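All figures in this text were calculated on a predicted structure; none of them were measured in a lab. For this chain, numbers begin at 1 and follow the sequence in order.
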Amino acid sequence: MTARTTARTRTALVIGGGIAGPVAAMALHKAGIEATVYEAYDSTGHPAPSLSSGGGMTIAPNGQQALEAIDAAETVRAIGTPVTALGLRSWTGRHLARLAPPEHLPTTRFVWRTELHEALAAEATRRGIPIQRGKRLLDATDTGTGVTARFSDGSLAKADVLIGADGLRSTVRSLIAPTAPKPHYAGMLTFTAHVQKTELPSTEGVLYMCYGKRAYFAYQIRDDASAVWTVNLPHREPMTSAEAQAVGAVEWLRRLAQTFTDDRTPAADLVAATAPEDLLITGPTETMPPLTTWSRGRMTLIGDAAHATPPTSGQGASLASESAVQLARCLRDLPPGKAFSAYESLRRPRVDRILKHTTATPTATSAAARTATPKPAGPLSRVLRDALLPVATKVGGAGGAVWGAWQFDHPIDWEERVE
């Protein structure tokens with residue numbers, strides 16, 4: 001075999017400095033591969049979590065297990081708020097189910113996206129990994145023995161491989177699979193807020209997801225009387241983030257208050273308690289069909305660039321972290337071509353199963369993901385859902401005890417060799 005196909009990977013360009021990018025760079029660093037992260041934006045984000053354009057998110061137990069494999073799990077634990085269980089409620093306030101991962105797993109953590117970006121970037125920098133900002137990728141050339149990336153500032157960078165961790169609107173994806181489907185509007189606008197103080201009682205670690213009459217609402221009330229909430233608001237006409245933000249927080253809070261007028265959940269009270277400056281107008285939700293191609297030549301994809309999950313699946317960052325770590329293991333043990341094939345073989349079955357699980361018809365463990373549908377349930381559908389969901393969770397073994405162990409219990413053995 002020639003050096004072209006057998007040479008070990010020594011250097012990597014990682015495009016994207018959000019979540020998957022720094023995690024991949026740290027995993028590659030642990031594997032003995034020199035990695036540099038290239039981020040299109042000049043800064044990690046806004047100065048305060050409540051002003052973050054990225055809103056909040058959860059890191060599931062499996063995501064923390066992936067970070068544990070590269071000694072980075074403390075990064076999430078240090079900034080995250082524990083989420084001990086998921087509670088499902090109807091618009092009438094009726095309790096439908098309480099779901100919790102197995103107790104032996106790490107506790108799910110709620111984090112602000114910008115805080116997580118900053119924490120991961122800081123940890124990568126502490127490990128000596130360069131992060132270059134203001135580097136927007138224009139294109140890349142695969143020479144067969146390496147890749148040369150060209151950025152909008154006119155600079156070039158070369159390495160053995162290039163990894164696209166550049167999100168839903170990935171430039172690297174367009175280079176690997178030019179005919180791949182584009183992201184499309186999912187029919188919802190998303191809002192997240194931090195409430196400084198509420199009179200409502202603590203949810204004691206439970207994140208409640210409410211099937212509102214007109215919109216989906218999720219909330220958690222902390223022990224210090226602060227709260228966080230998220231709304232997926234059906235909106236027929238697509239709006240860009242800029243257009244949504246131009247409407248203004250005061251007007252959106254007014255519209256959201258009207259949306260939840262009939263709901264007998266804490267939604268209306270929490271919206272009323274929200275200061276306009278604490279409302280995050282995160283804009284349209286988008287989805288993308290599964291890709292048939294993740295890799296080409298010496299370029300490959302991870303995270304949302306490869307496998308975007310529904311917005312309410314709770315698995316986006318966790319699956320991205322898993323893929324980043326597994327890719328690094330493959331590149332550690334195999335030459336690029338074989339490494340990318342092994343990476344897809346390792347990841348596709350699990351990713352496909354989770355994507356199917358989070359877009360399926362009602363079952364015990366897919367309840368949260370089905371809130372991603374933009375159309376609120378009609379009267380008959382609401383009655384059927386509210387009647388069947390408690391039964392389904394009990395039959396599925398998730399009625400307050402064990403929820404989706406296969407999904408959440410996914411440790412990665414870093415030392416195991418990839419063949």
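Closest heavy-atom contact between A165 and V14: CB-CG1, 4.4 Å. Here the closest non-hydrogen pair linking A215 and P234 is CB-CD, 3.8 Å. Listed here is the closest heavy atom pair of Q258 and T261: O-OG1, 3.0 Å. Closest of all the heavy-atom pairs between L168 and A308 is CD1-CB, 3.4 Å. Smallest separation of non-hydrogen atoms from I70 and M26: CD1-CB, 4.0 Å. For the residue pair T274 and A193, the shortest heavy atom distance occurs at CG2-CB, 3.7 Å.
At least one side-chain heavy atom of H235 sits under 4.5 Å from a side-chain heavy atom of Y185. Side-chain contact between T11 and I33 is absent, with no heavy atoms from C-beta onward closer than 4.5 Å. Residues M288 and L291 form a side-chain contact, since some pair of their non-hydrogen atoms from C-beta on lies under 4.5 Å apart. In this structure, the side chains of F340 and C330 stay at 4.5 Å or more apart for every pair of heavy atoms. Taking the side chain as every heavy atom from C-beta outward, W252 and L279 approach each other to under 4.5 Å. Taking the side chain as every heavy atom from C-beta outward, I412 and Q65 never approach each other to under 4.5 Å. R133 places none of its side-chain heavy atoms less than 4.5 Å from the side chain of Y41. Proximity of S226 to V195: side-chain heavy atoms (C-beta onward) are nowhere separated by under 4.5 Å.
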Determine whether H117 and I19 satisfy the following criterion, side-chain contact (heavy atoms from CB on, under 4.5 Å), listing intermediate values before the conclusion.
CA-CA 6 Å; H117 288 183; I19 296 170; 3.6 Å; yes
Carefully, step by step, assess M57 and L116 under the rule side-chain contact (heavy atoms from CB on, under 4.5 Å).
CA-CA 9 Å; M57 62 195 306; L116 182 59; 4.1 Å; yes
R77 vs E68, salt bridge (Lys or Arg N to Asp or Glu O under 4.0 Å): CA-CA, chis, key distance, verdict
CA-CA 11 Å; R77 288 195 291 264; E68 194 71 58; 3.5 Å; yes
Let's go through E34 and H29 carefully: what are the C-alpha distance in whole Å and the side-chain angles of both, what is the deciding distance for side-chain contact (heavy atoms from CB on, under 4.5 Å) to 0.1 Å, and is it a yes or a no?
CA-CA 6 Å; E34 181 183 334; H29 181 267; over 6 Å; no
Evaluate side-chain contact (heavy atoms from CB on, under 4.5 Å) for L88 paired with L99, printing each intermediate quantity in order.
CA-CA 8 Å; L88 304 181; L99 313 175; 4.2 Å; yes
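Contact check on R417 versus D333 returns a salt bridge, with a Lys/Arg side-chain nitrogen under 4.0 Å from an Asp/Glu carboxylate oxygen. Ion pairing between a basic and an acidic side chain is recognised when a charged N comes within 4.0 Å of a carboxylate O; D262 and R214 show such pairing. Between E322 and R347 a salt bridge is recorded (basic side-chain N to carboxylate O distance below 4.0 Å). Using a cutoff of 4.0 Å between basic side-chain nitrogens and carboxylate oxygens, R222 and E204 are not scored as salt-bridged.
To the nearest 0.5 Å, atoms CG (L96) and OG (S90) are separated by 5.0 Å. Atoms CD and OG1, on E344 and T300 in that order, are 6.0 Å from each other to the nearest 0.5 Å. Residue L138 holds its CG atom at 8.0 Å from OG1 of T171, rounded to the nearest 0.5 Å. In this structure, the separation between CD on Q220 and OG1 on T203 is 4.5 Å, given to the nearest 0.5 Å. Put simply, CG on L162 and OH on Y38 are 9.5 Å apart, with the number rounded to the nearest 0.5 Å. Between the CZ atom in R236 and the CE atom in M188 there is a gap of 14.5 Å [rounded to 0.5 Å].
When atom types are taken as modelled, the side chain of D413 and the backbone of E415 share a donor-acceptor pair closer than 3.5 angstrom. Formation of a donor-acceptor pair under 3.5 Å by the E286 side chain with backbone atoms of H184 is not found in this model. Between the side chain of R298 and the main chain of V147, no donor-acceptor pair closer than 3.5 Å is present. Between the side chain of S318 and the backbone N or O of I59, no donor-acceptor pair lies under 3.5 Å.
Cation-pi contact between R329 and W414: absent, since separation from the ring centre below 6.0 Å together with deviation from the ring axis within 45° is not met. With a 6.0 Å cutoff to the six-membered ring centre and a 45° limit on the axis angle, R350 does not count as a cation-pi contact of W406. Geometrically, R89 does not engage F217 in a cation-pi contact defined by less than 6.0 Å to the ring centre and at most 45° from the axis. For R348 and W294, the positive end sits near the middle of the six-membered ring, less than 6.0 Å away and at most 45° from its axis.
Side chain to side chain, T92 and R264 fail the donor-acceptor criterion of an N or O pair below 3.5 Å. For the residue pair H104/D409, the side-chain donor-acceptor check at 3.5 Å is satisfied. Side-chain contact annotation: Q407 with Q315, donor-acceptor N/O pair under 3.5 Å present. Using a 3.5 Å distance cut-off with no hydrogens or angles, the side chains of D160 and T9 do not pair a donor with an acceptor. Looking only at atom types and distance, the side chain of D166 has a donor-acceptor partner in the side chain of S170 under 3.5 Å away. Using modelled atom types and a 3.5 Å distance limit, the side chains of S155 and D153 yield a donor-acceptor pair.
The distance between the ring centers of W229 and F191 does not fall below 6.0 angstrom.
Taking the six-membered ring where tryptophan is involved, the planes of F110 and W112 are perpendicular, since the angle between them exceeds 60° and thus also 30°.
Among the candidates D139, L13, I302, L137, the single residue satisfying the side-chain contact (heavy atoms from CB on, under 4.5 Å) test with V172 is L137.
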